[in-house]
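Protein chains get the first letters and strands the later ones, always in sequence-line order, with residue 1 at the start of each.
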Amino acid sequence: MPSALPYVLAATFLVPGILALLIRDPCRSRVVGFGGGAVASFLGLVLTLVGAMREAPVRIPLPAPVPWAASELFLDGLSAFFLVLVFFIGFLVSVYAIGYMKEFDARRRGQAAPLLLNLLLLSMAFVVSAGDMLSFLLGWEAMSLASYFLVVLNHEKREARQAGLIYLIATHIGTGGILLAFLFLVQTTGSFSFNGFATVPISDPAILCATFWFALLGFGTKAGVFPFHIWLPYAHPEAPSPVSAVMSGVMIKMGIYGIVRFLFYLLPSPPASFGATLLALGLLSGVFGVLYAIVQHDLKRLLAFHSVENIGIILIGIGAASLCQATGRPDAARLLLVGGLFHVLNHATFKALLFLGAGAVLQGTHTRNIEKLGGLMRGMPLTGVAFLAGSLAISAVPPFNGFASEFTIYRGLWAAVGGAGTGGIYLAAMAGLALIGGLAVVCFVKVVGTVFLGNARSAQASAARDPSVAMEFPMGTLALFCLGLGVFPSIVLDRLMEITSFLSSAGGPASVAVPAAGGKPFTVAIALAIAIGGLWLLRTFLLRRNGQRAGGTWGCGFPYATPRMQYTASSFADPILHVFRGILRPHTTRTERLSGRFLLEVEHETHFHDLLENGLYLPVYRLFVRAAFQARRLHPGYIHLYLGYILGAVVLLLVFFH
Amino acid sequence: MKFVAHITLFILLGPLLVGVVRKTKAFLSCRQGASVFQPFLDLWKLFRRGIVRSTSASWVFDLSAPVVLGASLVLAAATPLWSREVPLPMHFILFLYLMALPRFFQTLAGLDTGSAFGGLGSSREVAVSAMAEPALILSFCGLAYLGGADTVSGMVAVVPPGRIPWRPEVILLAGTMFLLLLAENARIPVDDPATHLELTMIHEAMVLDHAGVDLAMIQLASGVRLVLFSAIVSGILFPQALSLPTFLAIPAAVVKVVLSGALIGAVEAGMARMKLSRVASYLLIATVLAAIALSVRYAG
């Protein structure tokens with residue numbers, strides 16, 4: 001691979017972005033900026049598929065930013081896999097943004113969006129191909145800042161600014177963790193490059209543990225793993241929809257990339273406790289994520305909580321893989337890691353699709369509150385079909401791709417159970433995964449049912465129409481991939497088996513990605529297609545013979561049923577809420593307005609407070625604020641006092657350092 | 001040929017099983033009851049009727065009945081009814097997750113008509129199924145252990161040689177699967193298929209706006225699913241019947257299905273429907289039982 005390619009790619013991302021700033025006409029600026037991003041992403045995708053993936057590992061030296069450490073790009077199979085993710089989603093989202101970002105035309109800062117989005121994509125590509133610590137951190141910071149500015153693109157809104165602040169704090173705490181983890185490695189190995197890190201194992205268990213926990217804090221915050229997830233449900237809804245799609249589909253996966261890179265490449269032979277920790281956090285993220293998602297009414301906030309859930313599923317795969325590796329079950333470990341990584345790609349596909357669909361709904365109806373929607377399948381049939389495909393995929397319904405990866409994880413867990421003694425933890429993981437899957441079905445039946453089916457609950461909902469082709473094309477493509485990757489999973493699974501070949505046991509490739517008997521997704525898909533198609537024809541034939549007439553929905557014999565009498569999303573979620581009320585903690589307030597003895601109005605409000613947010617983060621935040629107020633007394637504004645500080649500091653230095 | 005026989009048997013046994021359940025229930029409550037073949041007549045009638053399609057409904061509603069029946073038949077093709085050889089061997093995880101496909105479309109169709117009843121039924125249906133998932137996975141894991149195979153047909157059908165057939169974990173798993181059969185097929189004590197009060201229904205409320213052909217397909221699918229679960233439960237308890245030669249095995253399968261119909265009918269006659277909020281405890285019991293069955297394997 002020629003070493004000039006990365007520079008060419010960077011230029012194709014950045015030049016259109018800068019041009020977009022200069023072009024006066026907002027429409028042309030959009031086309032040039034996002035269109036340039038789409039072209040660059042497509043170029044990157046082709047280069048990765050035909051170049052990097054075949055030739056891996058590829059090394060490209062970079063000019064060193066500092067004299068004492070060399071910089072390079074190092075592309076192995078794992079990097080190439082994540083590059084495909086970045087460029088694939090980047091391409092489709094850029095195309096979508098050409099149509100969607102119209103709403104920012106009137107605003108001056110909207111013109112910065114193409115540059116920021118292209119920068120975000122480029123920096124993510126840089127993160128996954130970085131071969132040393134400094135380039136990695138450089139890319140990581142660029143990614144964090146670009147995404148921060150994209151979140152606050154709606155800066156007129158207070159919520160967006162607040163979300164941006166929470167995100168900025170979270171991401172920097174995370175960067176701090178990553179920096180510390182890297183510094184431990186540098187201290188042990190004396191090298192700055194990833195290859196150098198991998199050669200010298202950390203012998204001191206305390207340092208190894210500290211490295212792992214700081215890396216987990218850093219990457220876990222970015223990924224939205226359970227205790228560190230609180231920024232996600234703020235940042236994803238406030239960002240413009242294409243940005244949410246990139247953030248949720250790709251950017252949080254950078255955290256997963258970091259965890260995999262550390263656990264399987266940089267820290268040779270990590271102890272079993274690391275894998276067990278990740279597995280436990282994965283289960284917690286999965287269950288909490290989906291439970292909080294079920295009670296949301298804000299479409300994008302709901303999807304954000306589902307990202308927490310899916311990151312949980314990915315972590316179950318990766319954590320169990322590490323655990324299996326540590327306990328000497330390499331075949332199960334390989335299957336689990338393959339499943340986790342496959343879910344990374346699948347989640348990117350369906351979550352990007354769902355966020356893009358949510359964007360189309362938002363553009364058509366100007367509301368994210370699903371209680372005000374309904375019946376959109378009539379006005380927005382294409383968006384509806386795509387969203388339904390994404391919903392089936394995220395609910396892990398066969399033959400869609402969400403199932404294909406969860407199935408691989410399940411098979412890995414099942415293979416791990418088969419070993420000696422400690423199978424209980426894997427069985428618990430299987431039961432947890434099953435619960436998560438069942439609850440995801442609840443959530444997406446609720447979403448599709450209240451948003452797209454039934455009758456419109458508001459005037460905006462009944463007036464909504466399908467968006468422009470630029471927005472339909474990415475959604476349609478992603479929907480096809482949701483089905484395609486589910487029916488033909490071996491296209492990706494075979495590649496992933498090669499990437500994870502370092503985990504295989506000495507006896508050769510005992511495990512295969514697609515089960516030989518009883519699990520061929522293609523056979524099942526064909527069987528389903530034949531059965532459902534045949535019955536559809538039978539139904540059509542019988543209806544033509546027997547007749548069909550239109551009539552109102554049965555209303556117990558009462559006429560004048562209105563759309564308000566439909567089942568609401570809150571009612572739909574109520575049985576689950578009732579069972580899990582100990583975790584979800586609904587706070588209900590009821591205010592009545594009386595006139596004499598007559599009840600005029602009742603207001604009923606239910607809120608859900610994130611357990612961690614109120615129990616952990618807010619108290620810590622308040623403590624910090626209080627400490628800051630105390631510290632403020634130290635600088636009251638008297639110049640004499642400041643001179644005194646300087647004098648005191650000099651005296652102290654003299655005392656301590658002679 | 002065998003494939004056609006397998007599916008046909010499922011389709012024929014479904015209404016028969018429903019008829020047997022109703023007849024048993026009637027008998028135990030000292031009523032005459034309709035003939036066990038009444039469900040066939042009902043289906044025949046429905047297939048010849050036209051439908052009234054709600055003006056609120058979209059194509060999802062139209063597609064729901066074929067998806068529900070089609071997916072149930074695919075599931076049936078993987079279930080051993082009279083022989084270990086099934087037309088479509090299926091991994092047990094795939095089998096369990098494929099059950100979500102008909103549920104997804106059925107519950108969406110419930111919401112599609114814009115009726116509060118449909119929403120009510122759908123909401124309860126998905127909640128009950130979600131809470132049943134861990135128990136289902138764990139008991140299938142237990143079965144896969146016992147049978148030493150990953151496919152549904154392989155795992156219910158094998159008794160390890162030299163072992164007594166009704167070991168404690170076998171009985172526990174069969175019991176768990178029976179609890180799940182009642183929950184997943186909308187039977188008492190989780191749901192009451194015979195109630196006339198919409199507010200207390202789950203499954204029936206969801207299909208309230210389906211008529212004619214659609215309703216026939218959905219009822220047929222319910223029957224097929226009931227046979228499917230009965231086949232698994234009886235397969236656990238009497239795996240020997242699956243090794244018989246075909247001319248004996250098919251009557252044996254019919255007898256097994258009729259017997260499980262009588263058992264379901266007896267439960268329905270003897271119990272009242274549970275309060276809906278207690279269903280979670282019921283399913284938790286099933287989960288715990290499955291976990292105990294698995295732990296027996298570890299101890300032994």
Side-chain angles (χ1 to χ4, degrees), chain A residues 375 377-378 392 395-398 403 407 410-411 414 417 423-424 427 430-431 434-435 437-439 441-442 445 448-450 453-455 515 517-519 523-524 527-528 531-532 534-536 539 542-543 546-555 563 565-567 571-572 574-576 578-579, chain B residues 47-56 58 60 63 65-67 69-71 73-74 77 88-91 93-94 97-98 100-101 103-104 107-108 111-116 118-120 122-124 126-127 129-131 133-134 136-138 141 150-151 208-209 212-213 217 276-277 280 294:
Chain A
M377 199 60 100
R378 230 161 284 139
L392 286 164
S395 311
V397 175
F403 172 72
F407 187 34
Y410 266 118
R411 286 181 51 241
W414 184 235
V417 173
L427 281 173
M430 286 177 91
L435 182 66
L439 291 174
V441 171
V442 176
V445 169
V448 176
T450 34
L453 304 180
N455 294 314
T523 322
V524 174
L528 280 175
I532 294 170
L535 289 167
W536 174 260
R539 178 183 187 272
L542 285 175
L543 283 187
N546 302 346
Q548 164 185 3
R549 64 194 168 83
T553 299
W554 189 65
M565 295 176 192
Q566 291 177 94
Y567 223 52
S571 320
F572 195 87
D574 193 66
I576 294 293
H578 184 79
V579 173
Chain B
F47 266 119
R48 294 193 312 159
R49 288 261 173 102
I51 64 166
V52 182
R53 186 175 177 279
S54 165
T55 41
S56 315
S58 69
V60 175
L63 193 60
V67 170
L69 182 56
L73 289 179
V74 172
L88 187 69
M90 213 185 270
H91 194 284
I93 299 285
L94 176 58
Y97 270 69
L98 195 54
L101 180 65
R103 191 187 311 139
F104 207 97
T107 46
L108 281 184
L111 288 165
D112 203 10
T113 52
S115 146
L120 183 139
S122 300
S123 146
R124 291 172 178 177
V126 283
S129 313
M131 290 184 290
E133 290 292 339
L136 270 173
I137 287 271
L138 285 183
C141 282
D150 289 349
T151 54
L208 211 54
D209 275 291
V213 185
M217 284 189 184
L276 203 67
S277 51
L294 276 165

K.L.:
Between B:Ala100, B:Ala280, B:Ala127, which residue shows the highest count of heavy-atom pairs closer than 4.5 Å to chain A?
P.N.:
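Winner by heavy-atom pair count: B:Ala127.
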K.L.:
Which one, A:His578, A:Gln548, A:Gln566, A:Arg539, leads in non-hydrogen pairs under 4.5 Å with chain B?
P.N.:
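The option with the most such pairs is A:Arg539.
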K.L.:
Report yes if some heavy atom in the side chain of B:Thr107 is under 4.5 Å from a heavy atom in the side chain of A:Val441; otherwise report no.
P.N.:
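A side-chain contact under 4.5 Å is absent here.
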K.L.:
Relative to chain A, which of B:Pro66, B:Gly50, B:Ala130 shows the most heavy atom pairs under 4.5 Å?
P.N.:
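Looking at each of B:Pro66, B:Gly50, B:Ala130 in turn, B:Pro66 comes out on top.
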K.L.:
Sort B:Ser129 into side chain, backbone, both or neither according to what part of it lies under 4.5 angstrom from a heavy atom of chain A.
P.N.:
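Neither; nothing under 4.5 Å.
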K.L.:
Taking every heavy-atom pair that is under 4.5 Å apart, which of B:Asp150, B:Leu276, B:Leu73 has the most such pairs with chain A?
P.N.:
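Looking at each of B:Asp150, B:Leu276, B:Leu73 in turn, B:Asp150 comes out on top.
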K.L.:
So which of B:Leu101, B:Leu111, B:Leu69 has the biggest tally of heavy-atom pairs under 4.5 Å with chain A?
P.N.:
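Counting heavy-atom pairs under 4.5 Å, the top option is B:Leu111.
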K.L.:
Which heavy-atom pair separates A:Ala434 from B:Ile137 by the least distance, and what is that distance?
P.N.:
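Distance-wise, the nearest heavy atoms are CB-CG1, 3.2 Å.
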K.L.:
Output all residues satisfying ring-ring contact (aromatic ring centres under 6.0 Å, His included) with A:Phe572, sequence neighbours left out; order by chain, then residue number.
P.N.:
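A:Phe572 satisfies ring-ring contact (aromatic ring centres under 6.0 Å, His included) with no residue once adjacent residues are dropped.
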K.L.:
Would you give the length of the straight line joining atom CG of B:Leu63 to atom CG of A:Leu535, rounded to the nearest 0.5 angstrom?
P.N.:
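If I round to the nearest 0.5 Å, the distance is 10.5 Å.
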K.L.:
Which atoms of B:Val52 are under 4.5 Å from chain A, going by heavy atoms: the side chain, the backbone, both sets, or neither?
P.N.:
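It is both, since atoms from each part get that close.
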K.L.:
When rounded to the nearest 0.5 angstrom, what is the spacing between CE in B:Met217 and CG in A:Leu542?
P.N.:
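If we round to the nearest 0.5 Å, B:Met217:CE and A:Leu542:CG are 6.5 Å apart.
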K.L.:
When you measure from the side chain of A:Thr553 to the backbone of B:Thr113, do you find a donor-acceptor pair of N or O atoms at a distance under 3.5 Å?
P.N.:
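Yes, A:Thr553 side chain to B:Thr113 backbone: donor-acceptor pair under 3.5 Å.
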K.L.:
Would you say the side-chain atoms of B:Ser56 and A:Asn455 include a donor-acceptor pair closer than 3.5 Å?
P.N.:
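A donor-acceptor contact under 3.5 Å links the two side chains.
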K.L.:
Would you give the length of the straight line joining atom CZ of A:Phe403 to atom CD1 of B:Ile93, rounded to the nearest 0.5 angstrom?
P.N.:
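Separation between the atoms: 7.5 Å.
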K.L.:
Out of B:Ala116, B:Ser123, B:Pro134, return the one with the most heavy atom pairs under 4.5 angstrom to chain A.
P.N.:
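Of B:Ala116, B:Ser123, B:Pro134, B:Ser123 has the most heavy-atom pairs under 4.5 Å with chain A.
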K.L.:
Rounded to the nearest 0.5 Å, how far apart are CZ of B:Arg124 and CG of A:Asp574?
P.N.:
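Output value for this atom pair is 9.5 Å.
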K.L.:
Side chain from CB out, backbone as N, CA, C, O: work out which of these in A:Met430 comes under 4.5 Å of a heavy atom of chain B, or both, or neither.
P.N.:
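Both backbone and side chain.
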K.L.:
Show the numbers, then the answer: is there a side-chain contact (heavy atoms from CB on, under 4.5 Å) between A:Val417 and B:Cys141?
P.N.:
CA-CA 10 Å; A:Val417 173; B:Cys141 282; over 6 Å; no
K.L.:
Please state whether the side chain, the backbone, both or neither of A:Ser571 comes within less than 4.5 Å of a heavy atom of chain B.
P.N.:
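Backbone of A:Ser571 only, per the 4.5 Å heavy-atom cut-off to chain B.
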K.L.:
Which atom pair, heavy atoms only, marks the closest approach of A:Ala531 to B:Val74?
P.N.:
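Reported closest heavy-atom pair: CB-CG2, 4.0 Å.
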K.L.:
Taking all non-hydrogen atoms of both residues, which atom of A:Gly438 and which atom of B:Glu133 are closest, and how far apart?
P.N.:
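Minimum heavy-atom contact is CA-CG, 3.9 Å.
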K.L.:
Can you name the closest pair of heavy atoms from B:Leu108 and A:Leu453 and give their distance?
P.N.:
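Minimum heavy-atom separation between B:Leu108 and A:Leu453: O-CD1, 3.4 Å.
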K.L.:
Check whether A:Val442 gets within reach of chain B through its side chain, its backbone, both or neither, counting any heavy atom under 4.5 Å.
P.N.:
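Answer is both: backbone and side chain atoms of A:Val442 are under 4.5 Å from chain B.
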K.L.:
Heavy-atom count check: over 12 atoms from other residues, nucleotides or ligands less than 6.0 Å from B:Arg49 CZ?
P.N.:
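Result for CZ/B:Arg49: open.
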K.L.:
On the 0 to 90° scale, with breaks at 30° and 60°, tag the A:Tyr410-B:Tyr97 ring pair as parallel, tilted or perpendicular.
P.N.:
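Rings of A:Tyr410 and B:Tyr97: perpendicular, over 60°.
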K.L.:
Out of A:Gly551, A:Ala396, A:Gly552, A:Gly534, which one racks up the most heavy-atom pairs below 4.5 Å with chain B?
P.N.:
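Highest number of pairs under 4.5 Å: A:Gly551.
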K.L.:
Which one, A:Leu528, A:Val579, A:Leu439, leads in non-hydrogen pairs under 4.5 Å with chain B?
P.N.:
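Among the listed options, the one with the most contacts to chain B is A:Leu528.
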K.L.:
Look up atom CG in B:Leu120 and atom OH in A:Tyr567, then write down how far apart they are to the nearest 0.5 Å.
P.N.:
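Here the rounded value is 4.0 Å.
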K.L.:
Chain A: which of B:Ile51, B:Val126, B:Asp209 shares the most heavy-atom pairs with it under 4.5 Å?
P.N.:
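The candidate making the most pairs under 4.5 Å is B:Ile51.
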K.L.:
For B:Val213, which atoms come within 4.5 Å of any heavy atom of chain A: side chain, backbone, both, or neither?
P.N.:
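B:Val213 touches chain A through side-chain heavy atoms alone.
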K.L.:
Please identify each residue that fulfils side-chain contact (heavy atoms from CB on, under 4.5 Å) with B:Arg48, with sequence neighbours left out.
P.N.:
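Listed in chain order: A:Arg545, B:Trp44.
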K.L.:
Evaluate the side-chain contact (heavy atoms from CB on, under 4.5 Å) criterion for residues A:Val448 and B:Val60: first the C-alpha distance (whole Å), next the side-chain angles of each, then the deciding distance (0.1 Å), finally the verdict.
P.N.:
CA-CA 11 Å; A:Val448 176; B:Val60 175; over 6 Å; no
K.L.:
Is it the side chain or the backbone of A:Arg378 that comes within 4.5 Å of chain B heavy atoms, both, or neither?
P.N.:
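The side chain, not the backbone.
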